[in-house]
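Just below is one structure, and these are the notes that go with it.
All residue numbers in this chain count up from 1 along the given sequence. Numbering of ligands and ligand atoms starts at 1, following listing order.
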Amino acid sequence: MTNHQSPVRLALPSKGALERSTSSLLSACGMSVFRPSDRQYFGSIPSLPQINVLFQRAADIFTKVEEGSVDLGITGYDVVCEEGVGHDNVVVIHDRLGYGKCELVLAVPESWVDVSSIEDLAELTLLFKEKGKNLRIATKYPNLTRDWLYEKLIVNFSLVSVQGAMEAAPSMGYADMIADVTSTGTTLRENRLKRITGGTLLKSQACLIGNKRLLQDDPTKLDTTKTILELIEANLNAKKYVSITANVRGKSADEVGNYLVNHSELSGLTGLRGPTIAKVYSKEDKDWYAVTIVVEQNMLLAAVNHLRKAGGSDMTITSPDYVFGSQSQNYQVFLERLKEDS
Ligand SMILES: Nc1ncnc2c1ncn2[C@@H]1O[C@H](COP(=O)(O)OP(=O)(O)OP(=O)(O)O)[C@@H](O)[C@H]1O
Ligand SMILES: O=P(O)(O)OC[C@H]1O[C@H](OP(=O)(O)OP(=O)(O)O)[C@H](O)[C@@H]1O
């Protein structure tokens, strides 16, 4: 890193469902975040001193990125979709950070036994209309909810803006139903609400976003974005794989390698490219070779058995922290998006 790099301002969730998982992801990627205290809104990433961290509510991070008071931010994809309409200055740099998974859904009181699907709900809005009423939906996602319902040709409703404890709105009487995010479904159940078939508006998880203009205009900021993206991508990619090292008996490295490659019943069983083989200098026996293969997690036992058939034993399994490809796929896609709009 050089000293002339401009600081990159990165907004991270200060609390709520994304706070800890964001911190854990960045730590796992060698970018541990230092926050002096829960009450402080500025922090740093000691391993990347060119980054200044700003802690914000997930819901506010989109706006901070959009207005350019920060360059990058991590927030929920639901927030990006809700706030994003008409804001072309924000680019989604990585849309699947693997946590903060939730769905934006419509939920109605359990007592509405006749309403179990979106079609039933559409009929209900017509019944409300006949009585001169509108179905009241409490939500903090007015744009997504309105657009989605309009697309389904459901128009007789009104939105009630609620910022917290959404699930209490129907029982307290200030809305008839809600549109909110759910993950385990516990909060809905405990508030005697139920989802309806066909009533999922959006699937969301945490994502990395950036201000297009600020990143386009500053190669050093782009460089830092690339570093963050590369580390995250390689770390998330690594979760799919395990590395197996086994001692395999054989006359030569070629014999062991050929056996493993030619007797593999499944593709991917002998590693990303093929086994790496090295001679084991054993006192007792000359004919041992150390074989290392990196396979997908779900192939672990199949690969162990394949190595056993080849004469393998002493197998040790490790999980890689990072798996890098020949280039960062996300970074290439991100660069193309930047170019498209420049
Ligand atoms: N139960 C959940 N499980 C996983 N992710 C969730 C869950 N609830 C919300 N999220 C994700 O976390 C983001 C932040 O929501 P959360 O309610 O934690 O924010 P907050 O900052 O505590 O709330 P508030 O806006 O009420 O101050 C949401 O936009 C969504 O992407
Ligand atoms: O399906 P579940 O696993 O029960 O999760 C759903 C709850 O999670 C979110 O709230 P959160 O706990 O983040 O707090 P909030 O009410 O402050 O938004 C959301 O608003 C729901 O209330």
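Taking the centre and axis of the six-membered ring of Y150, the NZ or CZ atom of K152 falls outside the cone set by 45° and 6.0 Å. Geometrically, R35 engages Y41 in a cation-pi contact, judged by NZ or CZ lying under 6.0 Å from the ring centre and within 45° of the ring axis.
Ligand 1 has an N or O atom lying under 3.5 Å from an N or O atom of K15, backbone or side chain.
If you look at M166 next to ligand 2, there are no close heavy atoms at all, none under 4.0 Å. Under 4.0 Å from ligand 2, the heavy atoms of K140 that appear belong solely to its side chain. Both the backbone and the side chain of A17 come within contact range of ligand 1, each with a heavy atom under 4.0 Å. The side chain of D180, and not its backbone, has at least one atom closer than 4.0 Å to an atom of ligand 2 (non-hydrogen atoms only; side chain from C-beta on).
Within a 4.0 Å radius of atom 8 (O) of ligand 2, the protein contributes no heavy atom. Counting only heavy atoms, the protein never gets under 4.0 Å from atom 11 (P) of ligand 2. Put simply, atom 17 (O) of ligand 2 has no protein non-hydrogen atoms near it, under 4.0 Å away. For atom 3 (O) of ligand 2, the nearest protein heavy atom lies under 4.0 Å away.
Remark: K194 pairs with V108, E110 by the side-chain contact (heavy atoms from CB on, under 4.5 Å) rule, at least two apart or across chains. In this structure E255 satisfies the side-chain contact (heavy atoms from CB on, under 4.5 Å) test together with K251, S252, sequence neighbours excluded.
Close approach of ligand 1 to K140 is summarised as follows: ligand atoms under 4.0 Å from at least one heavy atom of the residue are 25 (O), 26 (O). Under a 4.0 Å criterion applied to the non-hydrogen atoms of T186, ligand 2 contributes the atoms 1 (O), 4 (O). Each of the following atoms of ligand 2 lies closer than 4.0 Å to a heavy atom of S183: 1 (O), 2 (P), 3 (O), 5 (O). Taking every heavy atom of V79 and a limit of under 4.0 angstrom, the matching atoms of ligand 1 come to 29 (O). Here is the list of ligand 2 atoms found below 4.0 Å of a heavy atom in E167: 21 (C), 22 (O). Near T187, meaning under 4.0 Å from one of its heavy atoms, ligand 2 places the atoms 2 (P), 4 (O), 5 (O), 6 (C), 7 (C), 22 (O).
The aromatic rings of Y331 and F334 lie tilted to each other, with the angle between the two planes from 30° to 60°.
With 3.5 Å as the limit, one finds no donor-acceptor pair spanning the side chains of E66 and N89.
Scanning the protein heavy atoms around atom 19 (C) of ligand 2, the nearest turns out to be V181 O, 3.6 Å. Among protein heavy atoms, the minimum distance from atom 4 (C) of ligand 1 is reached at K101 O, 3.5 Å. Of the protein's heavy atoms, L18 CG, 3.3 Å lies nearest to atom 12 (O) of ligand 1. The nearest heavy-atom contact from the protein to atom 28 (C) of ligand 1 is D78 OD2, 3.4 Å.
Within a 6.0 Å radius of OH in Y77, no more than 12 heavy atoms belonging to other residues, nucleotides or ligands are found. A 6.0 Å sphere centred on CG of D114 holds no more than 12 heavy atoms belonging to other residues, nucleotides or ligands. Heavy-atom neighbours of K279 NZ from other residues, nucleotides or ligands within 6.0 Å: above the threshold of 12.
Judged by the shortest distance from any of its heavy atoms, G185 lies inside the 4.0 Å radius around the atoms of ligand 2. Between G164 and ligand 1 there is no heavy-atom distance shorter than 4.0 Å.
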